[in-house]
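Heads up, the thing below is written out as structure tokens.
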Amino acid sequence: MAELGAGSLLLGDPAFNYQEAELNERLKRLYPAVNEDETPLPRSWSPKDKYSYIGLSQNNLRVHYKGHGKNHKDAASVRATHPIPAACGIYYFEVKIVSKGLDFLSSLLPLSPIPGWDKHSYGYHGDDGHSFCSSGTGQPYGPTFTTGDVIGCCVNLINNTCFYTKNGISLGVAFTDLPPNLYPTVGLQTPGEIVDANFGQQPFVFDIEDYMSEWRAKIHGMIARFPIGERLGEWQAVLQNMVSTYLVHHGYCATATAFARATETLIQEDQTSIKNRQRIQKLVLAGRVGEAIEATQQLYPGLLEHNPNLLFMLKCRQFVEMVNGTDSEVRCFSIRSPKSQDSYPGSPSLSPRHGATNPNLHSAGKGNTPSHLPIHLPSVDSEMEIEAEHYTNGVAENPSARIMNGTYKHQEILQAQDISLEDSCASRQLCGGNQAATERMIQFGRELQGLNEQLCREYGKNVTHKKMLQDAFSLLAYSDPWNCPVGQQLDPMQRENICSALNSAILESQNLPKQPPLMLALGQATECVQLMARVRSGSCSFARVDNFLH
Amino acid sequence: TKCVHLPPEVTATSRHYVDRLFDPDPQKVLQGVIDMKNAVIGNNKQKANLIVLGAVPRLLYLLQQGSSSSELRAECAVVLGSLAMGTENNIKSLVDCHIIPALLQGRLSLSACLRCLRTVFISPVTPVQLLYTDPTVIPHLMSLLSRSQRTQEYITQIFSHCCKTPEHQTVLFNHGAIQNIAPLLISPSYKVRMQALKCFSVLAYENTQVSMTLVNVLVDEELLSQVFVRMMQRDQPIDMQLTAAKCLTYMCRAGAIRTDDSCIVLKTLPCLVRMCSKERLLEERVEGAETLAYLMEPDVELQRIASVTDHLVAMLADYFKYPSSVSAITDIKRLDHDLKHAHELRQAAFKLYASLGSNDEDIRKKITETENMMDRIVSGLSESSVKVRLAAVRCLHSLSRSVQQLRTSFHDHAVWKPLMKLLQNAPDEVLVMASSTLCNLLLEFSPSKEPILESGVIELLCSLTQSDSPALRVNGIWALMNMAFQADQKVKGEIVRALGTEQLFRLLSDPDSNVLMKTLGLLRNLLSTRPHIDQVMSSHGKQIMQAVTLILEGEHSIEVKEQTLCILANIADGNTAKELIMTNDDILQKIKYYMAHSNVKLQLAATFCISNLIWNEEDGSQERQDKLRELGFVDILHKLTQASDPNLCDRAKTAMQQYLA
């Protein structure tokens, strides 16, 4: 009964929750490459994998000995809940000796059914300062330790070595050629012994982050100095091709042409084709989906007919844009166009959305940093702006409209919207506040419903479609759709996905790659790093793709 | 004045360059200087030719000439800078042409001028004093610090190279070096940060004033020590880590940072240990080891921490493996490099071992157990390099403080042999260390004592006592003192004979109190066991009594007086020697005086002396007791039996019992 009470108290204990949050934050910072869904990090001792002489308390962090402690046979150990993931690169934990008389401390153990201090384990004894590895015979290693000392263990999964620390001082390499899948372990042998573990719950005494920074610098140096040698020319051609195809893919027609001219390379796709795609993309991003559908049907006959799912997605978006008041089908009824909604900041040129695996690509980019991934050629900018004007007059009248090459800061956009809202709050109404437009929208909604039913009959039920339709229609249930639980859909950002889907579909229909090689390479590198973690190559932790994107 | 032979064709082209500097048309002169600039870049021969042909004075003239255009002056400075980049002889010629005052007096802030000045100053052939001869120069350079990153880099580099003495430190400090240079530590330019950091390391070295000021300096609201800690982070360039560690080391040794401060224990010390690792360059390993040795020299706790950090003791063993056997065969360039650093590495390792083992017995054991350690010290003692010999003997000295090592490894490796050899002919600093080590080897439990005695060391030690250096005199007499401890009559006689009474009494009036103390110690050791006391006193009694009287009358420390009274007590223990005191009323009055002294130690020693004089069972004890009673000693003894100090009380009671029996 008392135990139960203590248990529930612990769960609700704010201090405990705070500690948990601090632990999560520290582990995330120390081991950013670890995917805890695949390989969870050790967070406490395992109540299952322990000797009966071992008692656990304080969220399974405190270990005490409750055996007889007469001889070596009475030694007992406990291991952590999980082995050390290779993706840590460098892993570290500490143990504080709370109560003296500690005869020995074994610190690492490979995966084995029973934790035992003399079977394939690696450790550092407190009574004689010896280290022991696999067998029972110790080697002189470090100083002895006792009550009050904090002993740390660092596993370097890059070179498979391990060193211990005492009160924040590194004692030097103890073992080399360590096997994979080691568990943090502690062993005790005399009654009254108590040790507390720190798997990241508290700041470490040893500055492990400083040690990590050295290895990060080493690995980055290795990457930077990777020999290219003879293949220098080859590399340049590859890189130029990457840039060129990326520009072409996203329809930066003028920039791509200028780049091709400067680097004396060829563009595979012809100018008209690029410009067509560019035009369609601009329409989608401006929220004028109806026109985009028309243009697609006109320029690429049969494309949407062969992609009914894409067509449905586009139509759904069109409905959302009608609610927004941006689609041309409702705009024609409107006297004044609601600025806030069509001032899509990235418009009219495409702002490509990158894979969700690379959030940095999206948030950290600045339009005018020349050396970074979204390539920016200032001289071409003005040219593109003129093109833009030609296609979308609604945007050109907005003085803040800029061509953005690639990415931008989301926050900036939101702020800009807030400002424009202050003076035109009233104008943000359903379908621009026009009655006729609203009727047109309702009618379009019915047609959309019909299309969905037709698709269901032809291809069977589609959960995604149903959800999409539901979400779109839900907008009508609120008096202020922009501030409702499904209002997210109205965000101009949401146009990017459908825009890139349409762009890829067009490219595929022209027998061109639906993804630019640059994104493929990026995806491949990301995958590669994840694969390294799975095959236990620790250096993956310091070779993150994000580190090289700005 | 110099006779230089140049091939005619070379001279012709070079002369043409020089001739063009004298063209009346300033435009042509400018073009001439520019052409000259292009001709000398990377061409040491051309540089030498132009210098010989007198280009330097003309360039300096053009540089200083008010009528020269700023473009011309800038180009002149560039050419001069280029000439300075050549050989050491080039620099010498430039300095001989008074380039430094010309560059300085002109108040030229051109970065080309400063660059040239920097190149001249960092050369080993340029006397650093030239920076300080004109007192306006340093304030002027300080004022130029804010100009640009270039000027910051050059000026701080000049300062850090030219700050060699405490006087230099003070001059720079007084001209606001700290306030002016501190902000440069967070400059965006790595070179500026690095040179500023180097400035602080040379300014803080053994300088309390600078160090105490540094701890309170804020750079962008951050304490300077924290800025240094950041510079020691492991992903920073090694040079920066090492120099930042030096700054903190010097601040710590000057007492500005406590030795148990976490920035020393957890940051500076581990950083310096890392600098000793095999991964570092040989130069870095030398500097790292030397700095670490200096950091922990006075602090046993730091020595203990360092001794367990990253296997430092074992890591240092690698310092002795240069040139490695591999490098000799495969790579002649590497061999050359290794050879050049081999001495430096060995002396650095010896220094660090010496520092590590200076206090803790366990660490000494760990050091002597390192592979071939004693053999390495033994061979280090006879190396040709004085630096290595000195470091080796320092290491040996540090280890000789261990009773256990004296008994075992020191004897097994017969370290006394090379040590004795070293003592025959060595510079004073080596002699100090070697003789100090010898003192320990002559301790009575040391098995090396016997063979050393047999090797005829007494003459050598006696000659040391005549040295001008107080440290050598102390060590000489100290060694003799140890030697005389419980020695047989023959050795004692030899010591007295070799030293000579005249020298012995000269030492008793030595201005250095350490020398006096050890001399008294020697006397005390000579005057132990009754037959020895009587023999020494029968031959030198008069002089000894005189010396004792003089010391007891003089202005001396309690320790000296106590030691002197102990000598008297020893004399009082002799059979015939006793009479020398009993017949000397002056001395008896002095003993009486000290029995009533405020210092218990002196009271004890004096009482001991009386106790020996009145001891029963000895011939004539009754007469002595009577005489002393007459002189009032019994009353004093009676008083002392009431003393609060238990030892003194006991001693007095024992003495009183002699009367009762």
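Residue numbers start from 1 in every chain, and the chains themselves are labelled A, B, ... in the order their sequence lines are given, proteins ahead of strands.
For A:Phe163, no part lies under 4.5 angstrom from a heavy atom of chain B. There is no contact between A:Lys166 and chain B, counting heavy-atom distances below 4.5 Å.
Per-residue counts of heavy-atom pairs under 4.5 Å with chain B were compared for A:Gly129, A:Gly221, A:Ser213, A:Gly168; the largest is that of A:Ser213. With respect to chain B, the highest number of heavy-atom pairs below 4.5 Å among A:Val173, A:Ile169, A:Leu171 belongs to A:Leu171. Interface check for chain B: of the options A:Gly142, A:Ser170, A:Pro140, the most heavy-atom pairs under 4.5 Å are formed by A:Ser170.
Within a 6.0 Å radius of CZ in A:Arg26, more than 12 heavy atoms belonging to other residues, nucleotides or ligands are found. Atom CD of B:Glu222 sits in a crowded spot, with more than 12 heavy atoms from other residues, nucleotides or ligands closer than 6.0 Å. Remark: A:Lys218 NZ is packed, more than 12 non-hydrogen atoms of other residues, nucleotides or ligands lying under 6.0 Å away. Counting heavy atoms of neighbouring residues, nucleotides and ligands inside a 6.0 Å radius, atom NE2 of B:His411 does not exceed 12 of them.
Taking non-hydrogen atoms and a 4.5 Å limit, the residue list of residues 273-294 of chain B in contact with chain A, ordered by number, reads B:Arg274, B:Glu279. Contacts between residues 307-318 of chain B and chain A, counted as heavy-atom pairs separated by less than 4.5 Å, involve B:Val308, B:Thr309, B:Asp310, B:His311. Contacts between residues 228-248 of chain B and chain A, counted as heavy-atom pairs separated by less than 4.5 Å, involve B:Gln233, B:Arg234, B:Asp235.
Residue pairs satisfying the salt bridge (Lys or Arg N to Asp or Glu O under 4.0 Å) criterion with at least one member in residues 198-208 of chain A, sequence neighbours excluded, are listed as follows: A:Asp207-B:Lys267.
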